[in-house]
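The structure under discussion appears below in the form of structure tokens.
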Amino acid sequence: MHDALQTLGLKVSEADQPKLTRIDLLDQQALPDHEVWVDATAPETMISAIRALKVRGAPLIGVAAALCLGHYARSHVPEAIQLVALALRQARPTAVNLMWAIDRLMQLPAEAMWPEALAILQEDINLCQRMGTAGADLLANGDGVLTHCNTGGLATAGIGTALGVIRTAWEQGKELHVYVDETRPLLQGGRLTTWELEHLNIPYTLITDNMAAMLMQQGKVQKVITGADRIARNGDSANKIGTYSVAVNAHYHQIPFYIAAPYSTLDATCASGSEIPIETRAAEEVQGVVQAQQSLRWAPATAPVYNPAFDVTPASLISAWITDQGVFTSAEALYGSGPV
Ligand code: MRU
């Protein structure tokens, strides 16, 4: 067995013999109270882990799916690889990083897929680092920074997108205070961003999503930074449900609203946000809380529910996109930036 390759949310134990290689995920549904690692080497386990948000966050979904496919390709025939690639692609619809990673592998011969998957993992670490450096300059000493969902080491292979920017600025010595939207209905902010910030020792306050406007009114928020799951050619950016309201509130209060995302989140095939497929999820997630360890329902089980997992923030509400290629204030410049 070779040394394990480990990120905050993912572990690859590599061996010369493909059969002995394992891909483990930190089960994000069990956090923050339980740190449980699950073996997701088999495609069916990986697909259900992606659907159940045991592994989540646009870049990390892409990395995890690439590793699973790349490993599978080491010992299966092309027809079987095609089927697994399709099933992985369909596991979640909105984060384009998933399709980007699968497509990148499927252009290659089977034997090249595993090394490419490992290269995607390494590349994501580097992309996060660059976003962090590019975005940190936008944050000033003393800023209150509001963020939505989880965009850190649990959502990527590296330091994160929006949270990576915050972390980099903090490590540069800037005094910041992070306001963490809990992010209904699945509480990625309340469960995961809090957990990461605790570990990083960065000061934060957890708020419910409907408190953000009041905090802005009180002058506590100087910047907003979120991630994205897919950015259309005109700059419209899909991210966790609730991001759009945060952007509207930031606009009203004249607070800069930034999106941090790597080039793997750009989708030139979508002309605008209206073409971005939006995942809808189970009614139970809104009727109550469904977690790995417990579930509690407060609405009638028959309550009709609409549960879109993402919304689209129009480009006009976005002050700038922070990418691995720098900071861009227009969609034209963003799309002109090209890949690394
Ligand atoms: O449903 P999730 O938890 O996968 O949604 C994640 C987000 O919306 C993140 O903000 C996004 O993936 C960008 S994070 C690096």
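Read the numbers this way: they start at 1 and go in the same order the structure lists the ligands and their atoms.
Screening Asp324, Asp124, Asn97 for a side-chain hydrogen bond (donor to acceptor under 3.5 Å, both in side chains) involving Ser264 leaves a single residue, Asn97.
Near Pro59, the atoms of ligand 1 lying under 4.0 angstrom from a non-hydrogen atom of the residue are 15 (C). Each of the atoms 14 (S), 15 (C) of ligand 1 lies under 4.0 Å from some heavy atom of Ala155. Short contacts between ligand 1 and Phe310, defined as distances under 4.0 Å to a heavy atom of the residue, involve ligand atoms 1 (O), 5 (O), 8 (O). Residue Lys240 approaches ligand 1 through these ligand atoms, each under 4.0 Å from one of its heavy atoms: 1 (O), 2 (P), 5 (O), 8 (O). Close approach to Ala228 involves these atoms of ligand 1, each under 4.0 Å from a residue heavy atom: 11 (C), 13 (C). Listed by atom number, the atoms of ligand 1 under 4.0 Å from Gln188 heavy atoms are 1 (O), 2 (P), 3 (O).
Looking at Leu53 next to ligand 1, no N or O pair under 3.5 Å apart turns up. Where the criterion is an N or O separation shorter than 3.5 Å, residue side chain and backbone included, Thr156 fails it with respect to ligand 1. In terms of N/O distances under 3.5 Å, ligand 1 is not approached by Thr151. Between Arg92 and ligand 1, an N or O atom pair is found at a separation short of 3.5 Å.
A side-chain donor from one of Gln28 and Arg56 sits under 3.5 Å from a side-chain acceptor of the other. One side chain, Thr205 or His177, offers a donor N or O that lies under 3.5 Å from an acceptor on the other. Using modelled atom types and a 3.5 Å distance limit, the side chains of Glu175 and Asn141 yield no donor-acceptor pair. Donor-acceptor pairing under 3.5 Å is lacking for the side chains of Glu196 and Tyr204.
Looking only at heavy atoms of the protein, atom 8 (O) of ligand 1 is closest to Asp229 OD1, 2.9 Å. The protein atom (non-hydrogen) at minimum distance from atom 10 (O) of ligand 1 is Asn239 OD1, 2.6 Å. Of the protein's heavy atoms, Ala58 N, 2.8 Å lies nearest to atom 12 (O) of ligand 1. Counting only heavy atoms of the protein, atom 3 (O) of ligand 1 lies nearest to Arg56 NE, 2.5 Å.
More than 12 heavy atoms of other residues, nucleotides or ligands lie within 6.0 Å of CD in Glu171, so this atom counts as buried by the packing criterion. By the neighbour-count criterion of 12 heavy atoms within 6.0 Å, atom CD of Gln218 is densely surrounded, having more than that number from other residues, nucleotides or ligands.
A salt bridge links Glu116 with Arg104: at least one charged nitrogen is closer than 4.0 Å to a carboxylate oxygen.
Residue Ala309 places no heavy atom under 4.0 Å from ligand 1. At least one heavy atom of Thr161 sits under 4.0 Å from some atom of ligand 1. The closest approach between Glu279 and ligand 1 stays at or above 4.0 Å for every heavy atom of the residue.
Here the two rings, on Trp114 and Tyr72, have centers that are 6.0 Å apart or farther.
Rounding to the nearest 0.5 Å gives a distance of 12.5 Å between CD of Gln29 and NE2 of His34.
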